[in-house]
Number of protein chains: 2
Amino acid sequence: MNASSHQTEPKRRGRRAGGEDTKAALLAAAREVFVERGYEGATVRSIAARAGVDAAMVNHWFGGKEGLFAKAVLQLPIDPNALVERLLDGPDEKIGERIVRTFLTVWDPIGGGPFAAMVRSVTSHEQVADVLRGFFVQTLLKRIVGHLDSPDGDLRATLVASQIIGMGMVRYVVRFEPLASADADTLVKAIAPNLQRYLTGDIG
Amino acid sequence: MNASSHQTEPKRRGRRAGGEDTKAALLAAAREVFVERGYEGATVRSIAARAGVDAAMVNHWFGGKEGLFAKAVLQLPIDPNALVERLLDGPDEKIGERIVRTFLTVWDPIGGGPFAAMVRSVTSHEQVADVLRGFFVQTLLKRIVGHLDSPDGDLRATLVASQIIGMGMVRYVVRFEPLASADADTLVKAIAPNLQRYLTGDIG
DNA sequence: GCTCTATTTCAACGCGCGTTGAAAAAACTG
DNA sequence: CAGTTTTTTCAACGCGCGTTGAAATAGAGC
């Protein structure tokens, strides 16, 4: 191997060539890694490595890990409006069923890792908990409650949240069988009626 | 202050006087701190400090942090048998109510910290998840299922677990209002019927 | 009372984390 | 093309973690 080997050329310094956007690359990597590993599990170094960039760039462009997180969550590839539309589209008597099925459709393909990561982030980092609480409460629960306009709407919404989050915990995090491996239809039949009661039944 | 001041006497080395049991002190401190802060949050140094002992003793007596955890969880001050007795003592039609009320009675005084700590430990440390899964499944769920001996008992038990865990998540961890601040009676009226359906109703 | 051994503290190690400042290199400016 | 600015890498810092080995001290055995 002569001196001009292309093998492990120690990365050139200075501004990159072409239109490569380091900031965008970091945001894209951050969205992935934060979802995969949660806030704590996602190290600045791992995000930078996935973006093909030095870890110091996180500080230069976002002022630190928290700044990157704050910017990254604003660009998550989820469309809350579409989600709410999907839940509310159909007869009110079957909202419970649509909630269970939609939740499973979104999370089952992703698997337990991201869900556990999200839970861990919420339990350990107050800033993350605030961001996610704001998203769930403002964007999802309030709108569903508003559509149904039944009395005690807020309590009903949080009851639904409790059952859905609990299903996620048992299925993806602690993995109690047989719920963890049950197919979607079984869970819909078992859980949907309870959600339906929370939303439109007598809870007092 | 003369040289023989009792103030900050730099701890004497060597074997302690009297019957002071370092091992037991460490176990007691570990039980407290693990519950308060979870596995990751509980540092070896903090446990040793509470026990009034050097951190190195953890390695000497338990071979490390994991060993201490393994021994400590076996001595948690909870009596599973008494808990199961309490849940099963009474008419079967009111089991749901007793489950909700017992859960709230146990956790409300403790507060959200320990519950969040437990959840974080489960999501981040596989060994901890295994230990707790074993406890819940073997000790609690199986016995309740056995008592009721209805078909699909295991599925029913995990469904109940999902609702209870979800209630804990919403009440203690993410704190969605108004569920987070609702009084016990309100939650019993809202949730108990759903548990009752899971246990003795038609879920197919 | 002397020796041996068990117990405990202390100081340090190695690791990974987020962060920082200086140096290098490309791009921009006139 | 020369000088300036922007972007990037690199090397290092400080922190806290779990862990380790040596030194110091108390009790046990003879």
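Every chain is numbered from 1 and lettered A, B, ... according to where its sequence line falls, protein lines coming before strand lines. What you see below is based on every heavy atom in this structure, not just the backbone, and it leaves out hydrogens, waters and symmetry mates.
Applying the side-chain hydrogen bond (donor to acceptor under 3.5 Å, both in side chains) test to pairs two or more places apart or on separate chains, those with a residue in residues 42-52 of chain A are Glu32(A)-Arg50(A), Glu36(A)-Arg50(A), Thr43(A)-Ser46(A). Within the structure, salt bridge (charged side-chain N to carboxylate O under 4.0 Å, His left out) pairs that include any residue of residues 174-188 of chain A comprise Arg101(A)-Asp185(A) (at least two apart or interchain).
At least one side-chain nitrogen or oxygen of Trp61(B) sits closer than 4.0 Å to the OP1 or OP2 atom of dT8(C). Between Thr22(A) and dT8(D), a side-chain N or O to OP1/OP2 separation shorter than 4.0 Å is present.
Panel note: side chain Arg197(B), backbone Ala190(A); a donor-acceptor pair is recorded below 3.5 Å.
When the nucleotides dG21(D), dT8(D), dT19(C) are ranked by their closest atom to the side chain of Ala56(B), dG21(D) comes out on top. For Asn59(A), the side-chain atoms get nearest to dT20(C) when compared with the rest of dT9(C), dT20(C), dG18(C).
Remark: Gly64(B), Lys65(B) in residues 64-72 of chain B come within less than 4.0 Å of DNA chain D through at least one heavy atom.
Between the axis at the start and the axis at the end of the helix from dG1(C)-dC30(D) to dG30(C)-dC1(D) there is an angle of 10°, using five pairs per end and rounding to 10 degrees.
Legend: residues meeting salt bridge (Lys or Arg N to Asp or Glu O under 4.0 Å) with Arg171(B), ordered by chain and number and at least two apart, are Asp108(B).
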Show me the donor-acceptor pairs, under 3.5 Å and distance only, between side chains in residues 55-68 of chain A and residues at least two apart or in other chains.
unit_1: Lys65(A); atom_1: NZ; unit_2: Tyr39(A); atom_2: O; d: 2.8
unit_1: Lys65(A); atom_1: NZ; unit_2: Ala42(A); atom_2: O; d: 3.0
unit_1: Glu66(A); atom_1: OE2; unit_2: His125(A); atom_2: NE2; d: 3.2

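Remark: the Arg45(A) side chain and the dG18(C) base include a donor-acceptor N/O pair separated by less than 3.5 Å.
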- Query: After noting the C-alpha distance and the side-chain angles of Asp130(B) and Arg133(B), does the key distance pass the salt bridge (Lys or Arg N to Asp or Glu O under 4.0 Å) rule?
  - Reply: CA-CA 5 Å; Asp130(B) 289 342; Arg133(B) 181 165 33 234; 2.6 Å; yes
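Shown here for Ala117(B) and Arg37(B), the closest heavy-atom pair between the two residues is CB-C, 3.4 Å.
Between Trp107(A) and Tyr172(A), the ring-plane angle classifies as tilted under the 30° and 60° cut-offs.
Residue Asp54(A) contributes atom CG, which lies 13 Å from atom C1' of dA24(C) at whole-angstrom precision.
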